[in-house]
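Here's the structure we're looking at; comments come further down.
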Number of protein chains: 2
Amino acid sequence: MRKEAMERRNEILDVADELFGQKGFDGTSTNDILEKVGIARGTLYYHFKSKEDIMDALIERYNAQILGAAKEIAANKSIPVHERIVRVVMALNISSGNGKEIIDHIHKPQNALMHQKIQKVIMNGLPPILTEIIHEGIEQGLFSTPYPYECMEMIVAYTNTVFDDDMVDMTDEERASRIPAFVFNVERLLGVESGSLMYMMKMFGNGGEENGNNDG
Amino acid sequence: MRKEAMERRNEILDVADELFGQKGFDGTSTNDILEKVGIARGTLYYHFKSKEDIMDALIERYNAQILGAAKEIAANKSIPVHERIVRVVMALNISSGNGKEIIDHIHKPQNALMHQKIQKVIMNGLPPILTEIIHEGIEQGLFSTPYPYECMEMIVAYTNTVFDDDMVDMTDEERASRIPAFVFNVERLLGVESGSLMYMMKMFGNGGEENGNNDG
DNA sequence: TTTTATAGACAGACAGTCGGTCTAATGAGG
DNA sequence: CCTCATTAGACCGACTGTCTGTCTATAAAA
């Protein structure tokens, strides 16, 4: 019945995570949460100062998970630069096991505020990580751009908006057809020969699932 | 006291527009709205089925205003292609009188849902308009890209995220320094010589204000 | 005994509903 | 042309249920 503060806190966050995912932030009442955890109102508000505070704590966890995974990949210099970039971007967008469930339920339309907060974390956290890799690539003579940071920012903004979202209405074919276009545009932005990143297209198609550790 | 339905409806929308702008959607109660309009609860719900329904109607009005202005500029073939693109994009992002107040108060942090809905309208509505112009430019031999639509989508996603938002934390200098980078990247995407769009940079600095028709 | 965690009653605010009212137009009968 | 009943559309405001956040009391640990 009585528990360590951190344990309770995490229990609450786990339940909130699940319920927000199912019913959205607004659709989930604090009662839903505390009933499912099996605690009283007072306990909930002993551990969190408000409902939004719960969301912020949740985002903090996501943040660590998402950017942590990205940093890990980025630091792995045994992966060729080209591929590393794609992997880092995809670690968030498509589904690489880790962030899959997170990303999945953030994009429920009810979760506009949570969505916005996560986007902000990504838009501020991911481009610096990617820019590091680009600098490596520039040193290796692979890329050529005077504005690596802004390139990455543009790429992240695009993938977050178009691939990550129900922001753009499109059929599956339309989505698929955007991938070669995206790769082509990235090539131009990075100043590489057309086609040199093209071989990685296949990773968009199914590469994200192949090491998925859920749903199997 | 008694009015035509449409008149009342618009009164309510005008007030809601103002209050949402001041206090955000969540921060504005239906009571705030109906008191300021001077009607009873029942009347509000006679004209709108829910609070969100009011927001949707508001977005409908914005939608018409924002994309209408963009279409008007896009259709004006007396403006050179280069400049027309910049003007269309800026019609939404910086401030060209028309959409200024709208855009301004959409970006209050409380208005995440409204923001998301507007973004969606823009992301689906603006690229087609811009793509038309790009096709003109391609015919004139100004641009060269096999993926004009996706280029525009990327540009719009970027400006919406980075310039339009408090999504990215940056100082005024950082914001300013992103502009040449942005222009450079657009040049690459459109396949034009570096520098050929550069002369339009100055429009970003103050061009948006020079024909502003408010606050003066 | 003091601190930490838990409990649950409670207050205040809010969105949306419902039965009923008021008014202006319509139209039939005088 | 007048008048009175009928109707439909606009409006009202009390009411309901729900929700968040607060407060005080209490149990267990340190």
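Throughout, protein chains are lettered first and strands after them, A, B, ... in sequence-line order, and every chain is numbered starting at 1. Please read all numbers here as calculations on a predicted model, not as lab measurements.
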Exercise for review: Can you figure out which of dA10(D), dC12(D), dG16(C) approaches the side chain of Ala5(B) most closely?
Suggested key: dA10(D)

Integer-rounded Å distance: [N] [atom2] and [X] [atom1]:
{"X": "Asp32(A)", "N": "dC19(D)", "atom1": "CG", "atom2": "C1'", "answer": "10 Å"}
{"X": "Met55(B)", "N": "dA15(C)", "atom1": "CE", "atom2": "C1'", "answer": "14 Å"}
{"X": "Glu52(A)", "N": "dC19(D)", "atom1": "CD", "atom2": "C1'", "answer": "16 Å"}

**Study point:** For Asp53(A), all residues meeting salt bridge (charged side-chain N to carboxylate O under 4.0 Å, His left out), sequence neighbours excluded
**Key:** none

Practice item. Sugar-phosphate means primed atoms, P, OP1 and OP2; the rest is base. With that split, encode nucleotides 22-30 of chain D 5' to 3' as B, S or - using protein heavy atoms under 4.0 Å. Key: B-----SS-

Quiz: residues 69-79 of chain B side-chain donor-acceptor pairs under 3.5 angstrom, not counting sequence neighbours:
from, atom 1, to, atom 2, distance (Å)
Asn76(B), OD1, Ser78(B), N, 3.1
Asn76(B), OD1, Ser78(B), OG, 2.6

Review point. Considering residues at least two apart in sequence or located in another chain, which fulfil the side chain to side chain donor-acceptor pair (under 3.5 Å) criterion with Asn124(A)?
Key: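 Asn124(A) satisfies side chain to side chain donor-acceptor pair (under 3.5 Å) with no other residue.
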
Point to revise | Residues that Glu11(A) engages under side chain to side chain donor-acceptor pair (under 3.5 Å), provided they are two or more places apart | key: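 With sequence neighbours excluded, Glu11(A) shows a side chain to side chain donor-acceptor pair (under 3.5 Å) to Lys3(A), Arg8(A), given in chain and number order.
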
Check your understanding: Any chance the rings of Phe25(A) and His115(A) have centres within less than 6.0 Å?
Key ->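 That pair fails the under 6.0 Å test.
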
Check your understanding: Checking all strands, does Leu44(B) fall into the base, sugar-phosphate, or nothing category for heavy-atom contacts under 4.0 angstrom?
Key -> nothing

Exercise for review: Would you classify Thr43(B) as touching base, sugar-phosphate or nothing, given that sugar-phosphate means primed atoms plus P, OP1 and OP2, and contacts are heavy atoms under 4.0 Å?
Suggested key: base

Check your understanding: Can you list every salt bridge (charged side-chain N to carboxylate O under 4.0 Å, His left out) pair that touches residues 33-50 of chain B, not counting sequence neighbours?
Key -> Glu18(B)-Lys36(B)

Check your understanding: Can you find a side chain N or O atom of Tyr46(A) that sits less than 4.0 Å from OP1 or OP2 on dA5(C)?
Key ->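 True: Tyr46(A) side-chain N/O within range (under 4.0 Å) of dA5(C) OP1/OP2.
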
